[in-house]
Amino acid sequence: MLKRNKYCGHISEEDLEKEVVLNGWVHRVRNHGGVIFLDLRDREGVVQCVVEEKENPEIFELADSLRSEYVVALKGRVRRRPPGTENPKLKTGDYEVVIQELEILNTCETLPFPVDEETHLSEETKLRYRYLDLRRQSMKENLLFRHRAYQITRRVFLEEGFVEVETPFLTKSTPEGARDFLVPSRLHPGKFYALPQSPQLFKQILMVAGFDRYFQIVKCLRDEDLRADRQPEFTQIDFEMSFVDEEDVMSFSEKLIATLFRELLGVELKTPFERLSYREAMERYGSDKPDRRFGLELIELTDIFKNTQFKVFRQAVESGGVVKAINFKGSNLSRKEIDQLTQFVQSIGAKGLAWIKVEDGKLNSPILKFFSDEETQALLQRVKAQSGDVVFFSADKKEMVYKILGNLRLHIGKEYNLIDSSRFDVLWVVDFPLLEWDEEEKRFVALHHPFTSPKAEDVHLLTKALETEHLEDRKSLVHSVRARAYDLVINGYEVGGGSIRIHRKELQELVFRLLEIPEVEAKEKFGFLLEAFKYGAPPHGGLAFGFDRLIAIMRGLDSIRDVIAFPKTQKGICPLTGAPDFVEPRQLKELHIKLVE
RNA sequence: GGAGCCGUAGUUCAGCACGGUCAGAACGCCGGCCUGUCAAGCCGGAGGUCGCGGGUUCAAGUCCCGUCGGCUCCGCCA
């Protein structure tokens, strides 16, 4: 076999008049009768190869039998293309390889879809024939980009003295958080391993072990429903540091992210990144991961309507809720467009969508008749209403208003192309609440995870909350406790999150008491961590980046599937392998598993 | 668990609102011609369970119900 000494995509001036051996796939063949052009492709690119019938009839005949995606090896002389026939679209477009020897290493059946074009393909087709999909340029570039990102990431961690350690995949199920993937134990009937949702506990134990600075690029697994930015298995850049506070973790993170953007995209991010409090993010954008590349901010109106006659608003305010609005300025939306937006908010759980349209100084609205003149005037002034504006309202419990208007804002931003996709909006969201009330479980749950440290100045509120009998009072005390947590948000996606952890037993026990995790259970579920903390746990904290999301955002892609070599469909299926699938009864028996029905 | 969009040739799609020459296009594939193309060109050809099941109707890609699959979103995702 002729063995490659050059990649097709690397043919350049220095190869002129030299002999090269290429290995690759037939990208395209153009037969002109007496001359055949063959575009040969490998990982690095494409080069045109040529054979003329009168010069080399045997090779010409062989080349005539070539079809798309045949695998070939060829030897040839590189020459400059005749003037006027250069192809500026190709990196190697000034040159061509005159074929002297040609070996067909393998044939290829008729393709299910063209590899050489960027035809839109259904997700199912892409994934079923992923090996062909990955031959396509954009997908190939996505993976090569990702590859470079791994290398830069490792280098930056190395420069900063981090140690790479692997943590177990067969581990213990822990309460709180996402649903675990379980692995039945053959050696221990009835017992199960859990696949890790993240290396969280292990990396903290590594800090106790004195490794000081740890990192890992690691798969995490969560058995939850999928989204464009969520796969059941995904990759995190995970790290943890000892003897640090949030400033250390954040500034290292900034170095890593800024380096990736600089070296991969040539984009210089301004450091330190901007910071926004959780509260401000929610109040202005209705989201803890705001996309600030467009306006349409939420406007507070509760005070204006606190005594209103309009029942919908008044009831919301009386029961502790809020009234907020967004003003889609100069949009001149038609009734039909407003109806479509109404349908959208209804699909996410709103009862309806109140609106006012400003037209030539006149107001058009189904709810205006319920407002007093003062309310209308105050409202118009607050939202800075001008002709052409359409104002949308939401009045409900705070969380609901944020959800409705936050999503509506985003929906409008996308639907009406308000987003400047040429820039990156990078920010930290900080000052998260430590705990939030879970209405379903009737208890407090950790917003990040139960090991997140509260701010020192807020700890006394936790103590006080424990002593408070009345639930509403207790809620308001607990909700005012801020966590030493931080999320990195880029273009409206949470690409990373972390915190300074609790490293002292007493504080951890206090948090467990508030989470209503009984001592017995805490001991049973993560007693190993609590025990480790007894033996000299250093103060520590860390962060994990969602690697797939980060790469997708940097590549300007909407779905992380496009940066994962072999992703799953929305139902968690792998069309390439057919996983998940049934297994042999014998396998089940070994695992002591009996299927119901 | 819920909402929306989609499913027609190997691929991407049109046809569906108004049921009746609607089995169509492009690309791909096969055959032929062609010495400078590069999404080569020209001529010819093959290729379909309209996702699946049921219903309405004289008649169903087209309307209705169910179901399966793909995508987006809500719930869920510390």
Side-chain angles (χ1 to χ4, degrees), chain A residues 27-39 46-55 60 67-69 81-90 92-93 96 109-129 132-133 174-180 197-198 200-201 220-232 234 340 343-350 400 403-404 407 410-411 414 432 434-436 438 440 444-452 483 485 487 494 497-499 511 515 517 544 546 558-559 561 568-571 573 575:
Chain A
H27 191 58
R28 208 177 272 123
V29 203
R30 291 176 294 281
N31 186 341
H32 284 252
V35 60
I36 291 175
F37 297 103
L38 157 63
D39 290 343
V46 173
V47 71
Q48 172 168 290
C49 306
V50 61
V51 57
E52 290 186 40
E53 186 169 24
K54 66 169 194 250
E55 308 236 322
F60 183 88
R67 296 292 178 270
S68 283
E69 301 305 307
R81 290 199 192 185
T85 65
E86 301 88 352
N87 184 354
K89 285 188 239 164
L90 223 54
T92 60
E96 62 188 8
E109 289 192 10
T110 299
L111 296 161
F113 56 84
V115 163
D116 58 345
E117 271 173 63
E118 297 301 323
T119 333
H120 171 263
L121 295 177
S122 78
E123 204 65 23
E124 209 179 353
T125 312
K126 278 166 71 82
L127 297 187
R128 165 120 193 256
Y129 301 98
L132 297 179
D133 187 31
T174 52
E176 312 276 306
R179 192 176 296 113
D180 287 316
Q197 299 174 21
S198 82
Q200 185 61 37
L201 302 181
C220 301
L221 301 110
R222 296 178 188 175
D223 189 6
E224 297 291 350
D225 288 0
L226 291 83
R227 288 283 189 285
D229 63 345
R230 272 163 39 187
Q231 284 273 311
F234 61 99
Q340 278 165 354
Q343 260 175 24
F344 169 76
V345 296
Q346 281 170 339
S347 78
I348 58 173
M400 196 62 181
K403 178 181 158 188
I404 302 297
N407 277 304
L410 219 52
H411 181 77
K414 285 180 188 153
F432 282 85
L434 184 70
L435 308 170
E436 64 183 352
D438 187 318
E440 220 160 275
F444 293 104
V445 293
L447 205 73
H448 264 82
H449 56 66
F451 316 108
T452 301
D487 276 3
E494 183 198 324
S499 64
V511 171
L515 289 171
I517 300 177
D558 292 326
S559 169
R561 285 187 304 272
K568 310 267 186 295
T569 67
Q570 196 175 36
K571 289 240 160 72
I573 283 166

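Chain letters run A, B, ... following the sequence lines, proteins first and then strands; every chain starts at 1.
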Chemist: Rounded to whole Å, please give me the gap between CG in A:D558 and C1' in B:G70.
Modeler: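 One finds 16 Å between C1' of B:G70 and CG of A:D558, rounded.
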
Chemist: Distance check needed: B:U72 P versus A:K414 NZ, whole Å only.
Modeler: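 Distance check: A:K414 NZ to B:U72 P gives 11 Å.
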
Chemist: Given that both distances must come in under 3.5 Å, which nucleotide forms a Watson-Crick or G-U wobble pair with B:U35?
Modeler: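 Pair assignment: B:U35 / none.
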
Chemist: What is the distance, to the nearest angstrom, from the CD atom on A:E123 to the P atom on B:U12?
Modeler: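 Taking CD of A:E123 and P of B:U12, I get 11 Å after rounding.
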
Chemist: Would you call A:E224-A:R230 a salt bridge at under 4.0 Å N-O?
Modeler: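 Looking at A:R230 together with A:E224, the answer is no, because their closest N to O distance does not fall below 4.0 Å.
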
Chemist: May I ask you to verify if any side-chain N or O of A:S122 is less than 4.0 angstrom from the OP1 or OP2 atom of B:G70?
Modeler: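 Checking B:G70 against A:S122, no side-chain N or O comes under 4.0 Å of OP1 or OP2.
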
Chemist: Would you kindly give the CD1-to-C1' distance between A:I348 and B:G2, to the nearest whole Å?
Modeler: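 Roughly 13 Å, once rounded to whole Å.
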
Chemist: In whole Å, I'd like the distance from the NZ atom of A:K126 to the P atom of B:G70.
Modeler: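 Between P of B:G70 and NZ of A:K126: 15 Å.
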
Chemist: Distance check, P atoms only: B:G10 and B:C16, in whole angstrom units.
Modeler: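 Between the two P atoms, the distance is 23 Å.
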
Chemist: Go nucleotide by nucleotide along RNA chain B from the 5' end; which of A:G349 and A:Q48 gets its closest nucleotide reached first?
Modeler: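 Looking at RNA chain B, the more 5' nearest nucleotide goes with A:Q48.
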
Chemist: Within the structure, does a side-chain N or O atom of A:T125 lie under 4.0 Å from either OP1 or OP2 of B:U12?
Modeler: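 Yes, within the criterion.
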
Chemist: Determine: side-chain N/O of A:R81 to OP1/OP2 of B:U37, distance under 4.0 Å, yes or no.
Modeler: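 Negative; the distance criterion is not met.
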
Chemist: If you measure from the P atom in B:G69 to the same atom in B:C58, how many Å do you get, rounded?
Modeler: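 About 35 Å, rounded to a whole number of Å.
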
Chemist: Counting just side-chain N and O atoms, does A:T110 come under 4.0 Å of either OP1 or OP2 of B:C30?
Modeler: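 No.
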
Chemist: According to the Watson-Crick and G-U wobble definitions, with both distances under 3.5 Å, which nucleotide is paired to B:G48?
Modeler: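 Its partner: none found.
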
Chemist: Mind checking who B:G53 pairs with, Watson-Crick or G-U wobble, both distances under 3.5 Å?
Modeler: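 B:C65 - that is the nucleotide pairing with B:G53, both distances being under 3.5 Å.
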
Chemist: Using both distances under 3.5 Å as the test, list the Watson-Crick or G-U wobble partner of B:A25, or none.
Modeler: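 WC or wobble partner is B:U12.
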
Chemist: May I ask you to evaluate whether A:K89 reaches the phosphate of B:A39, defined as a side-chain N or O under 4.0 Å from OP1 or OP2?
Modeler: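 So the side-chain polar atoms of A:K89 do come within 4.0 Å of the phosphate oxygens OP1 or OP2 of B:A39, strictly under.
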
Chemist: Are any of A:R561's side-chain N or O atoms less than 4.0 Å away from OP1 or OP2 of B:U72?
Modeler: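 So the side-chain polar atoms of A:R561 do come within 4.0 Å of the phosphate oxygens OP1 or OP2 of B:U72, strictly under.
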
Chemist: For A:E436 and for A:D229, find the nucleotide of RNA chain B with the closest heavy atom, then tell me which residue's nucleotide is more 5'.
Modeler: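 Comparing both residues, the 5'-ward one is A:D229.
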
Chemist: A:H120 has an atom NE2; how far is it from atom C1' of B:C6, in whole Å?
Modeler: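 It works out to 11 Å between those atoms.
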
Chemist: Measure the distance from CG on A:L121 to C1' on B:G7 and round it to the nearest whole Å.
Modeler: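 To the nearest whole Å, that distance equals 15 Å.
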
Chemist: So, A:F113 and B:U11: ring centres less than 5.5 Å apart, planes less than 30° off, yes or no?
Modeler: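 Taking the rule of under 5.5 Å and under 30°, the ring of A:F113 does not stack on B:U11.
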
Chemist: Could you measure between the two P atoms, the one in B:G24 and the one in B:G66, and give it in whole Å?
Modeler: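 Going atom to atom, P in each nucleotide, I get 33 Å.
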
Chemist: Please determine, for B:C71, whether a Watson-Crick or G-U wobble partner exists with both distances under 3.5 Å, and give it or none.
Modeler: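 Pairing partner: B:G4.
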
Chemist: Expressed as a whole number of angstroms, how long is the span from A:F234:CZ to B:C77:P?
Modeler: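 Checked: the CZ to P distance equals 13 Å.
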
Chemist: Out of B:U35, B:G75, B:A39, which has the shortest distance to the side chain of A:K403?
Modeler: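 The nucleotide sitting nearest to the side chain is B:G75.
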
Chemist: Taking only N and O in the side chain of A:R227, is any of them less than 4.0 Å away from OP1 or OP2 of B:C74?
Modeler: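 It does, given that an N or O in the side chain of A:R227 lies less than 4.0 Å from OP1 or OP2 of B:C74.
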
